Student: 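Below is a structure I'd like to ask you about.
Counting starts at 1 for both ligands and their atoms, in listed order. Quick caveat, the model's predicted, so the values are computed rather than measured. What you see below is based on every heavy atom in this structure, not just the backbone, and it leaves out hydrogens, waters and symmetry mates.
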Amino acid sequence: MPCEVQPRFLVLYGSQKGQAQSIAEGIVEEAQDHGLVAELSCLNQTEKFNLEKENAPVVFIVSTTGDGEPPDNALQFVKHMKKKTLSTDHYKHLRYTLLALGDTNYANFCNCGKTIERRLQELGAEQFYNTGYADDGVGLEVVVDPWLEGLWKAIKEALSKMASDRIALLKEDAGSSSKETPDSYTPNVQLNLLSLSDQQDCHIVRASADTDSKYATADSIPASATQTAISDLSCDPTAGIPVSVPQTIATANASISALDTQTEYAGDPQAASLSRSLPPLSESSLNVPALPPPYLDVSLQDVDTVEQNIGRLNNESLIEVPIHRAVQLTRGDSVKTAVLLELDISAHPEMFFEPGDSFDVFCPNRATEVEAMLHRLGLQDKRNHRVHVSLKKETKKKGAQVPSYIPQNISLLYLFTWCLEIRSVPKKAFLRALVEHTGDSVQRRRLQELCSKQGAADYNLHVRDLSLSVLELLTVFPSCSPPLRLLIEHLPKLQPRPYSAASSRLKHPGKLHFVFNVVEFPACYGRPAGKRGLCTGWLFDLINRGLVFPGKAECSDSLALPTIHVSLRSNCSFRPPSDLSVPFIMIGPGTGVAPFIGFLQQREKERQEKPEAVFGETWLFFGCRHRDRDYLFREELEGFLCSGVLNHLKVCFSRDEPEQEEEQVTASAARPRYVQHILLRNGRYVTDILLKQSGYLYVCGDAKNMAKDVNDTLIEIIKAELRVDQFEAMKTLAGLREEKRYLQDIWG
Ligand code: FAD
């Protein structure tokens, strides 16, 4: 019997939060359907691949993190390929494509992907399929889905072109006995092109015509076949490509009415909602993603003792510190509540932080939500059972592993409290998997819609933009009963939350301050009561009793504040200039002012210790809604200004009416509401400091709007002050960033 040897390609990923990895894994899983073999490696597993000799197409999936940095597991690779000693034909043999993941809310969009791509080209590699730049700010799938759809054809064409090039090379070589065939090329010509003869143990996988795409449409299936198609799907969900067809409208509407009464926040019964779709989506054929193959076996065991404490989180740098003081910085009538926490780290000299550093706070999932989850899964009586997780034998998931963040010998309660981000927004693959465990056909159809290509806008509107958790989703889909295994397979690791240090050790020895805004999620369909952010809500509940207000006497209860678990993350570049004579500008509206309080406290001490030293000018741009309600650290900042620690304090209030005298000044110009407006007014000083005095500019706070607006304003300022065009101004700013004199510490 002849046996086909499938052509291979390589998939390399660099991933910080798992998104790039999961896309890479998806490609590898789907490869078989296309009659291809894909090899998967993380970019740091250099023992598993060798690009210097690679003669199959290479697909890079890379994300970007922090201030345009490569993910941790791509750092070494990027460093290696940036080496100046590599010659311009180093990767001449390489054919690649690249999918870059990023977020346009951050300035260096897709920077890691762009860096890898630039270097590949500089080193001679040839692109076989256009690069995709996916933006998490608007939804990765907008770019990822079509990019993946086109990938398969491109890989096949690349394989075929590479093979014919090699044959041509072989022929050329055969005709010229004096030439040597490159070792690395010869064997794989066979692998990629030929059918080897009779190999008993050779594994045959054929791609059938209708599995040529990740998606299968059901256009050809008549509406009357709906039930058959769906029940076929549940019989052997992993066997084929899932299909879905429109419900008959009458049936769908009847069941939808029933669904809508299941939550209080149903809104307009005629409008589309999480549970209800409208035409054309409700009548459309759907392209749903392939079902992710199950890969874990999970069992529960009734035992005497299991771990219930945080100690098992397996983080060596984790330390437990008492909260020493909690101060509410905003007035009661402020829109947002900002709180300063003072941690007592005197027993932990290893918590050696500098202004600009941030640290992680480890918070548990909310007990009420954990309980609700256990009830929803019907496991409330098993909360103290030991969870045993192992790899499913013969799973079809490539590179499957038991998640490393699930320790041995933990209880079910511990798993849901400390290990899994139970509030994470379910991804489309998760919704797809939930379909298989949903009894009601209308609910199944809606879940299919939400994970389908056609339902992308509905998914964004009703799930993603509302940060809907899986628990909230399940309240709207009562007939969905996922097994515990599915949650462990799809929920990501519970992440600690980083906060910027808001103090200097020099001013507050043995203490660490930080400031947080209590995040509020409004009520919506699926979440009738609204909720607070996980960590900020938890911290606020912890300290509520002992909370003090500035200027008011501290009550004795503050002594009873609890402990929390933290670990230091150091940031080597977001630091005040080491040369004290260099001027710097700080832009930090709202809680973004936090690290700058640390900068200024440090400067205050340095001025006391070195009275003879020359100190560069310091500027702070701060903004909030109201001068009297949420002007954080007002007294301290005004004190810095009086003492000369801070030379320029520029503030603006977005919701206050302008005062009399201000009104006159602003009569001819628009009133400055946000930091970028006051920055623009001081454009001349900004360019002078940055471009003539080699100064620094720091931005901290909201990544979604502020950081981008500030960036755009800096471009405007440079354009106006230097009289250059947009491109030149952008280049100048990029240069400052490269020199690490324009630095961001942003979140949101
Ligand atoms: P979650 O339950 O995780 O919900 C967060 C989600 O809420 C986000 O996905 C976002 O979509 C939304 N959201 C709405 N408003 C906000 C908001 N104001 N901030 C964040 N997310 C919001 N936060 C501070 O308050 N002070 C700091 O000094 C600070 N420093 C940080 C430093 C770094 C390096 C980073 C990466 C983040 C920092 N953050 C800071 C953000 C912080 O880590 C948390 O993301 C934030 O406190 C919300 O956590 P949560 O668990 O309460 O919210």
Student: Which atoms of ligand 1 are found less than 4.0 Å from any heavy atom of D745?
Tutor: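 Those of ligand 1 that fall under 4.0 Å from D745 are 34 (C).
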Student: Mind checking whether T536 has an N or O less than 3.5 Å away from an N or O of ligand 1?
Tutor: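 Between T536 and ligand 1 (N or O atoms, distance only) the closest approach is under 3.5 Å.
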Student: Under 4.0 angstrom from ligand 1, any heavy atom of W538?
Tutor: no
Student: Less than 4.0 Å between a side-chain N and a carboxylate O, is that true for E354 and R505?
Tutor: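 Here R505 pairs with E354 in a salt bridge, since their nearest N and O are under 4.0 Å apart.
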Student: Taking distance alone, with N or O pairs closer than 3.5 Å, would you say R532 contacts ligand 1?
Tutor: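 No - when backbone and side-chain N and O of R532 are compared with those of ligand 1, no distance drops under 3.5 Å.
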Student: Before signing off on this row, confirm whether Y499 and ligand 1 have an N or O atom pair separated by under 3.5 Å.
Tutor: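 Yes: some nitrogen or oxygen of Y499 is under 3.5 Å from one in ligand 1.
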Student: Mind checking whether V519 has an N or O less than 3.5 Å away from an N or O of ligand 1?
Tutor: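 N/O-N/O distance under 3.5 Å: no.
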Student: Looking only at heavy atoms, is any part of F514 under 4.0 Å from ligand 1, and if so is it the side chain, the backbone, or both, or is it neither?
Tutor: neither
Student: Just wondering, are more than 12 heavy atoms of other shown residues or ligands nearer than 6.0 Å to CD in E350?
Tutor: yes
Student: May I ask you to check whether A594 has an N/O atom sitting below 3.5 Å from an N/O atom of ligand 1?
Tutor: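 A594 vs ligand 1: no N/O contact under 3.5 Å.
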Student: Where's the contact between W747 and ligand 1, heavy-atom distance under 4.0 Å: side chain, backbone, both or neither?
Tutor: side chain
Student: Which one holds for V515 and ligand 1: side chain close, backbone close, both close, or neither close, with close meaning a heavy atom under 4.0 Å?
Tutor: backbone
Student: I'd like to know whether ligand 1 has K704 as a neighbour, heavy-atom separation below 4.0 Å.
Tutor: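 Yes.
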Student: Please check if the number of heavy atoms outside E739 that lie under 6.0 Å from its CD is greater than 12.
Tutor: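 Atom CD in E739 is packed in, count exceeds 12.
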Student: Return a yes/no value for R497: is any of its N or O atoms, backbone included, closer than 3.5 angstrom to an N or O of ligand 1?
Tutor: yes
Student: Strictly less than 4.0 Å: does any protein heavy-atom distance to atom 51 (O) of ligand 1 fall in that range?
Tutor: yes
Student: Measure the shortest side-chain to side-chain distance between H462 and Y525 over non-hydrogen atoms and say whether it is less than 4.5 angstrom.
Tutor: no
Student: Establish whether atom 8 (C) of ligand 1 and some protein heavy atom are separated by less than 4.0 angstrom.
Tutor: no
Student: Could an N or O of ligand 1 be found under 3.5 Å from any N or O of S358, whether backbone or side chain?
Tutor: no
Student: Does F516 reach ligand 1 with a nitrogen or oxygen that is under 3.5 Å from one of the ligand's nitrogen or oxygen atoms?
Tutor: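 Min N/O separation from ligand 1 is not below 3.5 Å for F516.
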Student: Record the part of E520 in heavy-atom contact with ligand 1 below 4.0 Å; permitted values are side chain, backbone, both and neither.
Tutor: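 No part of E520 comes within reach of ligand 1.
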